[in-house]
Amino acid sequence: MCPAANQAPRPTRQDVLQFVVERSSERIMVLDAGLTLVYQSERAARFLDSYALPEEISALARKIFAAIAHGNAGELFPGQICFQAEIAERHWVFRVSFREGDQPLVAVFFTDETVSSRFDLNSLRRKHHLTRRETDAL
């Protein structure tokens, strides 16, 4: 089916992925088996310009790649891998995923944990009859 002459062409899969990654609040990095950074989102690059990556990431990636090489990654890492680290007096939440196969990869998704991510500030505002300004100060 041909698109109508006045319709814009559909975005490609690459365009959609680029849009999602750029708009994501999470920082994204991908490591290969040599622990080489093969991809980083713009936000991850800015983070790495300012801070060092926690050593837990490298240690965990080495263990994951070793488990993949031995064929038991699914047994050793059956669920989602998450941990929290304090960097520059901020709490960061890291989630790690991996891909097995002939070209294994480890993806690291991370974001800073804010007060608003821990509490539903709108419900607190309604419950205690606070103004938005008072809630922001909280």
Checklist line | Ser97 (side chain) donor-acceptor with Ala107 (main chain) under 3.5 angstrom | finding: no

Notebook entry, point to check: Take atom CD in Glu86; do more than 12 heavy atoms of anything else shown fall under 6.0 Å from it?
Noted result: yes

Next item on the list: Check step by step if ring-ring contact (aromatic ring centres under 6.0 Å, His included) holds for Phe98 and Phe65.
Entry: CA-CA 9 Å; Phe98 60 92; Phe65 287 124; 8.8 Å; no

Checklist line | Approximate separation, where rounding is to 0.5 Å, of Ile87 CD1 and Tyr51 OH | finding: 8.5 Å

Note to self: Taking the side chain as everything from C-beta on, heavy atoms only, tell me whether Met29 gets closer than 4.5 Å to Phe47.
What the structure shows: no

Item checked: Contact check, side chains of Phe94 and Cys82, non-hydrogen atoms, under 4.5 Å -> no

Item checked: Leu31 side chain reached by Leu37 side chain, heavy atoms, under 4.5 Å -> yes

Margin query: Could you measure the distance from the CD1 atom of Ile28 to the CD atom of Glu42? Nearest 0.5 Å is fine.
Written below: 12.0 Å

Next item on the list: Look only at the side chain of Arg62 and the backbone of Ala66, and say whether a donor-acceptor pair between them is shorter than 3.5 Å.
Entry: no

Check: Should Thr111 and Arg27 count as side-chain neighbours, where that means a heavy-atom distance under 4.5 Å?
Finding: yes

Check: Just wondering, are more than 12 heavy atoms of other shown residues or ligands nearer than 6.0 Å to CD in Glu56?
Finding: yes

Note to self: Tell me whether Leu53 shares a hydrophobic cluster with Phe109, the cluster being built from Ile, Leu, Val, Met, Phe, Trp, Tyr side chains joined at under 4.5 Å.
What the structure shows: no

Notebook entry, point to check: So, do Arg43 and Phe110 sit near enough that their side-chain heavy atoms are less than 4.5 Å apart?
Noted result: no

